[in-house]
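A short write-up of the structure that comes next.
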Amino acid sequence: MAKDYMPPSDFLRDLIDEDVEIETDDTATIKRLLSFFKDPDAANRDWAVFLLGQSEVDTKAVRDALIGALNDEDDSVRAEALVALAQRDGDLARPHVLEALSAEGVYPTVFEAAALCAHPDLIKPLRGWLKATGDKEVDQMVAEAVAACEASAK
């Protein structure tokens with residue numbers, strides 16, 4: 001996310017500014033974060049998904065919310081949800097990563113999710129993105145994802 005990209009929500013900004021770690025037993029904060037997954041503002045949804053994704057919280061409600069966020073209208077929200085899901089369960093995320101990689105344009109975070117899944121099924125679609133973006137940083141992400149997937153095939 002860009003440095004100046006902040007959510008309008010005071011609650012989310014407080015979590016960001018205070019660099020608060022979201023604890024697995026902090027049900028009130030988790031519940032409130034999950035409520036932002038349906039917020040009308042895309043920046044709030046994006047940050048809520050990102051913050052929860054950076055936590056180690058892994059419950060059925062969290063996974064269900066992440067799966068729901070994969071259908072968000074905003075590309076960034078979908079990509080953050082995909083990374084967060086891949087961090088928790090690569091097998092569950094893999095079909096969604098495959099689908100995202102087949103799109104005409106791919107949000108760079110999808111390559112991070114592919115690396116987290118690290119599955120041979122992703123090698124071929126990832127190779128199609130090698131040096132295709134024209135952005136050195138993104139091309140490096142693709143190369144790292146390919147390497148992770150190739151390593152898992154051995």
Side-chain angles (χ1 to χ4, degrees), residues 1-119 121-122 125-126 129 132-133 135 137-146 148-149 152:
M1 289 184 206
K3 285 184 179 182
D4 59 347
Y5 175 63
M6 294 296 286
S9 161
D10 291 334
F11 169 73
L12 295 174
R13 284 196 313 268
D14 286 346
L15 284 176
I16 296 162
D17 292 343
E18 295 174 19
D19 205 22
V20 174
E21 192 169 319
I22 301 161
E23 303 293 333
T24 55
D25 60 349
D26 186 357
T27 55
T29 300
I30 295 165
K31 186 175 181 179
R32 191 158 179 202
L33 269 173
L34 289 173
S35 73
F36 278 97
F37 279 42
K38 300 291 185 190
D39 194 88
D41 190 286
N44 282 338
R45 294 192 311 274
D46 190 29
W47 272 102
V49 171
F50 174 78
L51 289 167
L52 197 56
Q54 296 301 304
S55 77
E56 293 187 17
V57 178
D58 187 14
T59 65
K60 181 176 179 351
V62 166
R63 287 183 185 210
D64 288 348
L66 291 170
I67 290 168
L70 294 173
N71 296 313
D72 195 277
E73 64 189 33
D74 186 85
D75 293 341
S76 181
V77 174
R78 288 193 310 271
E80 289 295 348
L82 194 52
V83 170
L85 188 60
Q87 289 169 329
R88 286 156 177 78
D89 187 335
D91 289 336
L92 185 58
R94 190 173 70 247
H96 302 285
V97 171
L98 279 167
E99 181 180 341
L101 289 172
S102 69
E104 195 170 304
V106 174
Y107 207 82
T109 321
V110 171
F111 303 121
E112 182 183 348
L116 289 165
C117 291
H119 194 278
D121 288 354
L122 301 175
L126 281 167
W129 288 99
T133 69
D135 179 315
E137 188 176 316
V138 175
D139 289 343
Q140 180 62 35
M141 291 174 74
V142 176
E144 289 170 5
V146 170
C149 293
S152 74

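Glu144 pairs by the side-chain hydrogen bond (donor to acceptor under 3.5 Å, both in side chains) definition with Gln140, not counting sequence neighbours. Listed by chain and number, the residues in a side chain to side chain contact (heavy atoms under 4.5 Å, CB included) with Asp91 are Asp89, Arg94 (sequence neighbours excluded). Residues satisfying the side chain to side chain contact (heavy atoms under 4.5 Å, CB included) criterion with Asp72, sequence neighbours excluded, are Arg45, Asp74, Val77, Arg78. When the side chain to side chain contact (heavy atoms under 4.5 Å, CB included) test is applied to Thr24, the partners found at least two apart in sequence or on another chain are Val57. Considering only residues two or more places apart in sequence or on other chains, Ala113 meets the side chain to side chain contact (heavy atoms under 4.5 Å, CB included) condition with Leu82, Val83, Ala86, Val97.
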**OP:** In sequence, state the C-alpha distance, the side-chain angles, and the governing distance for Thr109 and Glu112, and then conclude on side chain to side chain contact (heavy atoms under 4.5 Å, CB included).
**Re:** CA-CA 5 Å; Thr109 321; Glu112 182 183 348; 3.7 Å; yes
Subject >> Residues Leu98, His119; criterion side chain to side chain contact (heavy atoms under 4.5 Å, CB included); working and verdict >> reply: CA-CA 11 Å; Leu98 279 167; His119 194 278; over 6 Å; no
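The two atoms that bring Ala148 and Ala118 nearest to each other are O-CB, 3.7 Å, heavy atoms only. Residues Ala42 and Tyr5 come closest through the heavy atom pair O-OH, 4.1 Å. Looking at every heavy atom in both residues, Leu122 comes nearest to Ala114 through CD1-O, 3.7 Å. When all heavy atoms of Ala81 and Val49 are compared, the pair lying nearest together is N-CG1, 3.4 Å. Closest of all the heavy-atom pairs between Trp129 and Leu101 is NE1-O, 3.0 Å. Residues Gly53 and Ala84 share a closest heavy-atom pair of CA-CB, 3.6 Å.
Asp58 CG to Gln87 CD: the interatomic distance, rounded to the nearest 0.5 Å, is 10.0 Å. Interatomic distance, Asp10 CG to Leu15 CG, rounded to the nearest 0.5 Å: 11.0 Å. Rounded to the nearest 0.5 angstrom, Tyr107 OH and Asp75 CG are separated by 7.5 Å. From Ser152, atom OG reaches atom CG of Asp121 across 9.0 Å, with rounding to the nearest 0.5 Å.
Residues Pro7 and Ile16 form a side-chain contact, since some pair of their non-hydrogen atoms from C-beta on lies under 4.5 Å apart. A 4.5 Å side-chain heavy-atom check between Val62 and Arg88 finds at least one atom pair inside the cut-off.
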When the side chains of residues 30-40 are checked against the rest of the protein, which donor-acceptor pairs come out under 3.5 Å, sequence neighbours left out?
| unit_1 | atom_1 | unit_2 | atom_2 | d |
| --- | --- | --- | --- | --- |
| Ser35 | OG | Arg32 | O | 2.5 |
| Asp39 | OD2 | Asp41 | N | 2.8 |
| Asp39 | OD2 | Asn44 | ND2 | 3.2 |

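Looking only at distances, a side-chain donor or acceptor of Arg13 sits under 3.5 Å from a matching main-chain atom of Pro8.
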